Amino acid sequence: MSPSQLKVLFVLDEEDGVNLRTLTERLSSTPPSVSRLCDRLEAVGFVKRTASATSRRELRLWLSENGRSFLRDLRSRREAELHDVIARMPPRKRAMLLEGLTSFREAAHRSDRHSDGSGRSDIRTA
């Protein structure tokens with residue numbers, strides 16, 4: 001599974017039933033690229049396409065049960081691996097990690113309050 005395909009699954013997990021244009025915007029990609037990604041994901045049974053109820057030309061994209069199952073399994077495996085790594089850390093280092101992550105969360109929360117409402121902060125990168 002490529003990172004781009006995984007991003008499609010994550011977007012559909014959050015916004016099931018989006019159209020291709022919305023998915024393209026979420027991925028900051030081009031319609032042909034996103035369409036090909038969806039073709040591949042549909043071929044393996046992770047994504048379903050249906051006609052829109054409001055427009056015959058528009059297709060809606062849905063995460064299939066196989067796609068949902070794949071994401072559940074992926075998240076479960078990632079969580080187990082993370083727990084294993086943290087369990088191997090000395091207690092003092094785990095406490096330091098917790099302190100650092102708490103500070104990170106607080107800083108991110110402050111940044112969210114200063115965003116323009118689009119979910120993006122006012123910080124720009126080169």
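Values below: every heavy atom of this structure, side chains too, minus hydrogens, waters and symmetry copies. These numbers come from a predicted model, not from an experiment.
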Taking the side chain as every heavy atom from C-beta outward, state whether [X] and [Y] have any atom pair closer than 4.5 Å.
{"X": "Leu71", "Y": "Leu6", "value": "yes"}
{"X": "Val34", "Y": "Pro31", "value": "no"}
{"X": "Asn19", "Y": "Thr22", "value": "yes"}
{"X": "Thr102", "Y": "Arg105", "value": "yes"}
{"X": "Arg26", "Y": "Glu15", "value": "yes"}

Which atom names give the shortest non-hydrogen contact between [X] and [Y], and what distance separates them?
{"X": "Leu63", "Y": "Phe46", "value": "CD1-O, 3.5 Å"}
{"X": "Arg60", "Y": "Gly17", "value": "CD-O, 2.7 Å"}
{"X": "Leu23", "Y": "Cys38", "value": "CD2-SG, 3.6 Å"}
{"X": "Ser35", "Y": "Arg49", "value": "O-NH2, 3.2 Å"}
{"X": "Arg94", "Y": "Ile86", "value": "CD-O, 3.2 Å"}
{"X": "Val18", "Y": "Leu12", "value": "CG2-CD2, 3.7 Å"}

What's the separation between atom [atom1] in [X] and atom [atom2] in [Y], rounded to the nearest 0.5 Å?
{"X": "Lys48", "Y": "Glu65", "atom1": "NZ", "atom2": "CD", "answer": "8.5 Å"}
{"X": "Leu61", "Y": "Leu59", "atom1": "CG", "atom2": "CG", "answer": "7.0 Å"}
{"X": "Leu74", "Y": "Arg78", "atom1": "CG", "atom2": "CZ", "answer": "4.5 Å"}
{"X": "Arg40", "Y": "Arg36", "atom1": "CZ", "atom2": "CZ", "answer": "7.0 Å"}

Using the rule that two of Ile, Leu, Val, Met, Phe, Trp, Tyr join whenever any of their side-chain heavy atoms come within less than 4.5 Å, decide whether [X] and [Y] are in one cluster.
{"X": "Met89", "Y": "Leu101", "answer": "yes"}
{"X": "Val47", "Y": "Trp62", "answer": "no"}
{"X": "Val8", "Y": "Leu20", "answer": "yes"}
{"X": "Phe104", "Y": "Leu97", "answer": "no"}

Problem - Test salt bridge (charged side-chain N to carboxylate O under 4.0 Å, His left out) applied to Asp73 and Arg77, step by step - result: CA-CA 6 Å; Asp73 182 56; Arg77 285 184 286 126; 3.0 Å; yes
Practice task
Could you tell me whether Asp13 and Arg72 make a salt bridge, using a distance below 4.0 angstrom between a side-chain N and a carboxylate O?
Solution key: no
Practice task
Check the pair Leu41 / Met1 against side-chain contact (heavy atoms from CB on, under 4.5 Å), numbers first and verdict last.
Solution key: CA-CA 9 Å; Leu41 290 169; Met1 168 95 26; 4.1 Å; yes
Exercise for the section: Would you check if the side chain of Ser64 reaches a backbone N or O of Gly45 as a donor-acceptor pair within less than 3.5 Å? Expected result: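 The answer is yes, because a donor-acceptor pair under 3.5 Å joins these two groups.
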Handout entry: Any donor-acceptor N/O pair, Gln5 side chain to Ser2 backbone, under 3.5 Å
Key = yes
